[in-house]
Amino acid sequence: MAKKKKHEEHGAGERWAVPYADFLSLLLALFIALFAISTIDKKKLASFVEAISAAFSFKPISTSAPPSIIEGVGVKQKREDTKKKIKERVEQIVKKLNLEGKVQVEVIPMGVRIRILDYILFNPCSVEIKKEYQELLSSVAEVIKEANLPVEVEGHTDNIPPSGNCIYPSNWELSAARAASVVRFLIQSKNLPPAMFTAVGYADTRPIAPNNSEIGRSMNRRIEINLITGTDKEEKYKEKVKTEKVETNEEVRPNLEGTGKSNKQ
């Protein structure tokens, strides 16, 4: 009787290599991710990548992208620290002026919001800032000057239209005029650049409380001063400031002959 031929095993002893290689790749990716979120040292990251590359004998990946991610983490943390410092500074001002409960300060995703109830700043249907509260805005302007961030001032009202003897026909005009009045005061009090400000009137379209009671309506009548960081508004503002500085320097720079005339025609 003929003997049965044994079937040859094809690579049975190497089947473990594929899943093992996948496991090592995943483990490498995990370590790189953990390292990236734990430190912002570019040099250490570059050394780490080179060491891993040498150990696994593959071409080193570009280290330009990971540092940018790490820098992003550092920038974000710096912005959060800036927000916290601004909030603490304004809270000190509010406490010094005994305005707790009338002025609120909070950190928001776009920056820091300073919320002021409108009866503090204005008489009914008026856009003239009361003298007794000008110190508050002047102190806030000093904080804005030091922070050097774009600022958006919002005017808000309740849902009751202005009275018949009011010069403003609707809450739209009134809220926008009050926001503009605050912007004008902030600019003039500390000689701030107008380019950093935006004035917006929202009328009664963004209430923070129901308008069915006097308490709710009084909360909705407010001015909000937003110091903005971490958005495209901040980048646009800084780019604009940089451009204006360059243009100003060109305007006043004397020529090389020493005639004192501007190089810009």
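All of these numbers come straight from a predicted model, not from anything done at the bench.
With rounding to the nearest 0.5 Å, the separation of OH in Y168 from OG in S163 is 12.5 Å. How far NZ of K87 is from NZ of K83: 12.5 Å, rounded to the nearest 0.5 Å. Taking CG from N123 and CD1 from I129, the interatomic distance works out to 12.0 Å, rounded to the nearest 0.5 Å. Here the OG1 atom belonging to T229 is positioned 12.5 Å from the NZ atom belonging to K76, to the nearest 0.5 angstrom.
Y202 pairs by the ring-ring contact (aromatic ring centres under 6.0 Å, His included) definition with H156, not counting sequence neighbours. In this structure A176 satisfies the side chain to side chain contact (heavy atoms under 4.5 Å, CB included) test with no other residue, sequence neighbours excluded. A search for side chain to side chain contact (heavy atoms under 4.5 Å, CB included) contacts involving S218 returns E214, R221, not counting sequence neighbours. Under the salt bridge (Lys or Arg N to Asp or Glu O under 4.0 Å) criterion, E154 pairs with no residue at all, not counting sequence neighbours. For I108, the side chain to side chain contact (heavy atoms under 4.5 Å, CB included) partners at least two apart in sequence or on another chain are E106, M110, R113, N226. Every side chain to side chain contact (heavy atoms under 4.5 Å, CB included) that E132 has, sequence neighbours left out, goes to K130.
Between K145 and E142, none of the side-chain N atoms (NZ, or NE/NH1/NH2) sits under 4.0 Å from a carboxylate O, so this pair counts as no salt bridge. A salt bridge does not link E100 to K102: none of the charged nitrogens lies less than 4.0 Å from a carboxylate oxygen.
Of all non-hydrogen atoms in N159 and N171, the two that sit nearest each other are C-ND2, 4.2 Å.
Around CG of N191, the count of heavy atoms belonging to other residues, nucleotides or ligands within 6.0 Å does not exceed 12. Within a 6.0 Å sphere centred on CD1 of I215, other residues, nucleotides and ligands contribute 12 heavy atoms or fewer. Atom CD of E128 has 12 or fewer neighbouring heavy atoms from other residues, nucleotides or ligands inside a 6.0 Å radius.
Side chains of N220 and D204: a donor-acceptor N/O pair is absent below 3.5 angstrom, by distance only.
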